[in-house]
Structures are given as structure tokens and as C-alpha cells.
There are 2 protein chains.
Amino acid sequence: MAAERKGGVTISQVAKEAGVARSSVSRAYTRPDMLSPETVERIKAAAGRLGYVPNHTARALSTGRYGNLALIVPDVANPFFPPMIRAAQVEADRSDFCVFLGNSDEDPEKEDQLLGRFSGQVEGIILASPRLSDERIAAHALLRPLVLINRDVKGIPKVLIDSGTGIAEATQHLADFGHRNIVYVSGPSTSWSNKQRRAAVRQASKKLGLDLSFVSASVPSFEAGLQAVDAILAKGATAAIAFDDVTAQGILAGLGERGVSVPGEFSVVGCDDALGPLTVPSLTTVSSRSIEAGKLAVSLLLEVLGSQAVRDASYVLETHLIVRSTTGPAPERGQG
Amino acid sequence: MAAERKGGVTISQVAKEAGVARSSVSRAYTRPDMLSPETVERIKAAAGRLGYVPNHTARALSTGRYGNLALIVPDVANPFFPPMIRAAQVEADRSDFCVFLGNSDEDPEKEDQLLGRFSGQVEGIILASPRLSDERIAAHALLRPLVLINRDVKGIPKVLIDSGTGIAEATQHLADFGHRNIVYVSGPSTSWSNKQRRAAVRQASKKLGLDLSFVSASVPSFEAGLQAVDAILAKGATAAIAFDDVTAQGILAGLGERGVSVPGEFSVVGCDDALGPLTVPSLTTVSSRSIEAGKLAVSLLLEVLGSQAVRDASYVLETHLIVRSTTGPAPERGQG
DNA sequence: CTATGCTGTGCAACCGGTTGCATGTCAACC
DNA sequence: GGTTGACATGCAACCGGTTGCACAGCATAG
């Protein structure tokens, strides 16, 4: 039991112990079919005696196969991401990959930094809802296999959650309830999802003849939603569709503070189904499919790594409205 | 702009471009003081021109300093952890460390596996709320610097969130409201936090002369809380303290289904303040300080790495009751 | 004018594996 | 019985950096 050596046992030590060359020790692990069974046996025995464990890092250096991948998200604590992270994690695990997690704090520069720091030790990177410019993303994609989630850059494999379908359903839902004047509370201007949702609500409103205004909550957070309430009410709307559930919760809290009842006097729709039915009243929202997105992104990345051919693959996940308890008939009041 | 090279730019290419030796390029980054300012300048310029980024893995191999650490949690998607993960992430970032994230799925064996997989490429590991046995933890701690969060194993540095103080306050709070019969809905049996909370509620109940019973929700989840409701009501209690906020939300939902009003007929206290004031009615809970714990664990780990001396350091973070809207006076009814 | 001491840079070994190629051995084949 | 080829193993270069040591150039001291 010589495992007490500080720095770990190396193949050289095992080679000496077993009376073979270093290369044979290496092969005993990577290509045992190349060696005679007895030699393999002898080497493994020696390795066991010394407590040898192959060095992941050294192996990575010479093979270029790191067995690692990185996942970069804007905000780990935003409830939209944890289920996605978890799914990615689990999927990577199934192929013996380790996952680096990066948190960009919604900051493009930090995202760029993280990309650089990771790129030396991973085989591929998944960028979720990046805030970075298309050019920078394309530049990084040249260096390493890259898969995007919720961002559409030409030539780069991606998984898109199409919240447009769900948002359209939500708009229809509000129209059915008799709402004529609604507000979209938008998220980060650099967010692909935000652009998509904004476009979807605009298009649906136009088609349905609704009166639509915009209020901006540049960072999606509870506070931002809270602070948007005055602006929302000033528009004279009777319903709001929020960029995401966290913002929606902030709006609900703000409405509560001002004594506006939901859904009696005002209806609210979130997006991403990040909180599930946890809240009371439970939030009407658009499904997110973030779990599938995380899982899919990893398997897509691994596929790209397997076949050199970097196919420009796109997966699109459609979403739907989940009706819960924060939407109801428009209040009776004169409306022009 | 020669960055189109596939495999990344190496120190040799930069050396040639700048007309110096490889070692000088290396030193330009690691010990610029050893070189003349002009040489450093020239090298950095060449590096910039080529788009050179130092290879983390190669560096790690020759220095033994990996610049990575691993954080293993039982469930990324449990809202208690994301803020902690984020804080750890940010703190590690400040020292140029990359973070591996592991998700054990509440499974001790998976935890063991992850520990093994990471250990070859990180300098240290943080284990949050581990489900692993003391022996295995101690064994891993011999191989790599290890810091624990919410687990107390002798001789290993740790950060403990003492929810006992907050739980005691919660019990007192319920007693003040006239509750005489309460339930503690417990979490995973292998969880240190659960043991601690259980002990705290028991001790406080005894001191206050309350009637206490236990209901078990072995995995902390919304569903587990939901399913615990019948058992809770069967005990004839008028208030429950749940292992965590997610479980508490499940209990609230279950009570709602059964037409039991909160806090009118029943009071509920959560633990961890994982949801903040987001919910309606907002949950009375115990503060968690998970952000500080994450940050502290990383700085503690880095400190251990810095000084070889593996001090048996313990940080204890006290918690307090946060009174919101799910607790109120005990309902008027005969009680013995 | 030589001895002494810096300073700035290059050489080459090393970290711990992997892998293409060469070599040696032995059995099968013509 | 000599040639052929398959098989098992070793040699040495390589992955991309780091670092101890040698050495050249120059200024200062004696």
C-alpha cells in the first residue's frame, strides 16, 4: 500500500513495478487487446498494488479529448436555468463527461472571458441564452464545437425553445377573455427569447385587433417586475404578458401592493413555467421545455464531437399556454 | 487574424512570430518582471495578432495547479442551491478558478462516482449537503482538499448553516400564537440539516411544552409535501414546520386542495428562504444564508490551498425567523 | 584592465500520459 | 528450411506549457 505518495502514482512507477515499458502500461488501460492477457494482468496487478489512477489531465493533453464540456448561463439563480442545468448535467454524466458551469451575470464581457477560460480544457461548449454579439459567438465557434440554446446564429448548431407559439396562445387567451388593451413587459434587449416573444405578442395582437403597449424591465427579476407596475397601469391595460415568470411574480406583488386584484381586475401571464404550480394564485404561463433543451443540447454537442461533420443542426421545441389562476375575464369598464 | 487555425494557437507559434524562445513567451504571462518591458510588449502584441490563449490543461500538467474546483450538490434544481452555486461561482471567478458542477441526485453512490471523476482535475472540492457516509467523505478528504457545507465531519473544514436558531425562533413564534400541537415534516434522513432541524424543533417544543409529532417526506419536493398533508392533519396539529420551503409549498397546496385556509385554520413555516417573498401568501420561513455559505466555502477552500496547513476550520452561520403571511393565531377549538 | 554582479534571454528537461513505427519472436506456409 | 506475416512489446517523439540553469552583455567596483 504505497498510496501515501504525495503526488499520485504515475505510469513510470507502474512500469518499473511490472517490469514493462511505459507504453505497455498505457495500453493496458486504453487498448488491452494489443497486449497479451498475461501482461495486462501483470500490469493491472502492479497498478493495484501501487494505487495507480490514470491522470485525466495528462491524458487530455496528449489526446485532445478532455472529457469535459462547459455550460454557460446568464444567471444560475434564475429559476429558468436550474432544471436545464440539471438535465444537461445528467445527460453529460451518461457519457462520462464532466460539466463546467459558468455564470455570466447577464454580462457579455464576462461571457467572453468565461468562454476563453474554459476553452482550453473542454471539448465543447453550450451557451444558453447568450448575451454576446453574433460576431463573438461565431468567432468562438471556430475554435471549439459550440451549441447554442435560445439563440440563432447562422451555421451554429442550436436548440431553440419557440415561445412564440405559446405567447400567441396566451394573447388569444386574453382576447377570448375580452381584454382589449394589453402590455408586454419585455426582458433583456440582447435576449433572443425576448425578441421572439415581443414579435409574437405584437403579431398576435395585430391579428386580434388588440391595443398593445410595451414596458421594459431590462433585467428579468422580481424587483424589475415590481417597478414596472406603475408604468403598466399607466397604459390603461387590463392584462400583461411578462417576459418571464420571475418578472411576472414581481408584477403580481406590485399589483397586490396597490390593491389591484388578480385575476378580478387584472390578468397576468408569465413565461417559462419556471415556478410550476408552486405559487398561489398559481401563475398562468407558457411552458418552457427547458429540461428537454438542456438534455438535447448536450446530446447534440456530443454528436457533433463524435462525427467531425459540424452539421448546422437546429432543434425547435414548441411551447404552449398553461392556464392557471392569474388570468380571467376583463373587468367591466368603458373602453372607448 | 490567423485565429482560424483549428487546434488553437500555441506558445511555439507565438515565439516564432515574436522572434523569441518559447520560454520567454511563457514568462511574458507568468513572470513578466523577469523580462524587459519591450520584450513583454512585443510578445503580447504577437500573441494578440495570433489570438493566443494559454492552454489551461498544459499549464496544469506541468505546475500541478489546476485552477479548477468542483462543487457537488444533491439537486441543482432545488431552489436552495442555485443562489449558493452562483455565489461560489462568482467567488471562484475572482481568483480565476473554474468550477465543475456535479449533481448527485440525492444518491450517495453517484456522489462517490462524481468525487472520483473530478478528483484528477481539480485542486479542491466542495461538498454541499452530502448524502455520503462520514467514512467515505474522510477517505476522499485524504486525497484532495475538501470543504463541506452543511455537514459536520471531524477534521474537515466546513461551513455550517445553523438553522437550529431559526427553527427555535419559529417554534417560539408558533407557541406565542397559541399553537399547542405542531408537526415537523422531516427531510432526507442522511441530511445533516434535517437532523439539526429536527433536534432543534424537538428541544424547543419540549421547553415550551408543545405537543410535537413527526411526518416524513424523505425527499424534499413539492410532491412530497403535497402527499404529507393527510398525515399531518391526522395528527390533529394546527401548525407545521417543514424541512424546507419547497416541501412547505407542497403542504400549502395540499391544504388548499382540502379547503383548509392558511393562516386562518392552519399555520405553516418553511425553512431556507429559498423562494423569498415571491409567493402569495408569502411564506413564513427561516433565513438560509446560502449565498454567504457558498462564498465562504470557496474562500475557505482557496485558503486551505494557499497554506498547506489544513486547518480544521468551521464557520457557523446563524439563522433567524422571517415572519411573513403563512402563520397566525391558532384556531379556536378544544384542545384537551 | 580584470574581477564581480546584475539583468535578460535561451536551452533543454520535465509534467504524465499516448501513439506511430521499429524490432524481435515464433508459427505457418510453400 | 528459408520466407512471410501476425503478434507482443519497446523506443522515442509529441501534446503545450513551466522552470532550473547556463550564458552573454554590460555596468560597476577594485
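Each chain gets a letter, A, B and so on, in the order its sequence line appears, and its residues count up from 1. All values below were derived from every heavy atom in this structure, side-chain atoms included, with hydrogens, water molecules and symmetry-related copies excluded.
As a whole-Å value, the separation of R42(A) CZ from dG10(D) C1' is 13 Å. Atom pair I43(B):CD1 and dG10(C):C1' shows a separation of 12 Å (rounding to whole Å applied). Between the OH atom of Y66(B) and the P atom of dG17(D) there is a distance of 17 Å, rounded to whole Å. Atom CZ in R65(B) sits about 15 Å away from atom P in dG16(C), given to the nearest Å. Between the P atom of dG17(C) and the CD atom of Q121(B) lies a distance of 14 Å, rounded to the nearest Å.
No more than 12 heavy-atom neighbours from other residues, nucleotides or ligands sit within 6.0 angstrom of NZ on K295(A).
DNA chain D lies under 4.0 Å from at least one heavy atom of each of the following residues of residues 20-39 of chain B: R22(B), S23(B), S26(B), R27(B), T30(B). Taking every heavy atom of residues 52-63 of chain B and every atom of DNA chain C, pairs under 4.0 Å involve L61(B), S62(B), by number.
Remark: side-chain polar atoms of E111(B) are paired, donor with acceptor, to backbone N or O of L132(B) under 3.5 angstrom. No donor-acceptor pair under 3.5 Å is formed between the side chain of N55(A) and the backbone N or O of T10(A). Although no hydrogens or angles enter the test, the distance criterion places no donor-acceptor pair under 3.5 Å between the side chain of D105(B) and the main chain of D107(B).
The pair D93(B)-R117(A) meets the salt-bridge criterion, with a side-chain N (NZ, NE, NH1 or NH2) lying under 4.0 Å from an Asp/Glu carboxylate O.
Across all their heavy atoms, R42(B) and G19(B) have their closest contact at NH1-O, 4.3 Å. Residue G294(B) comes nearest to I149(B) through the heavy atom pair CA-CD1, 4.4 Å, listed as atom of the first residue, atom of the second, then distance.
With Y29(B) as the aromatic partner, K44(B) meets the cation-pi criteria of under 6.0 angstrom to the ring centre and within 45 degrees of the ring axis.
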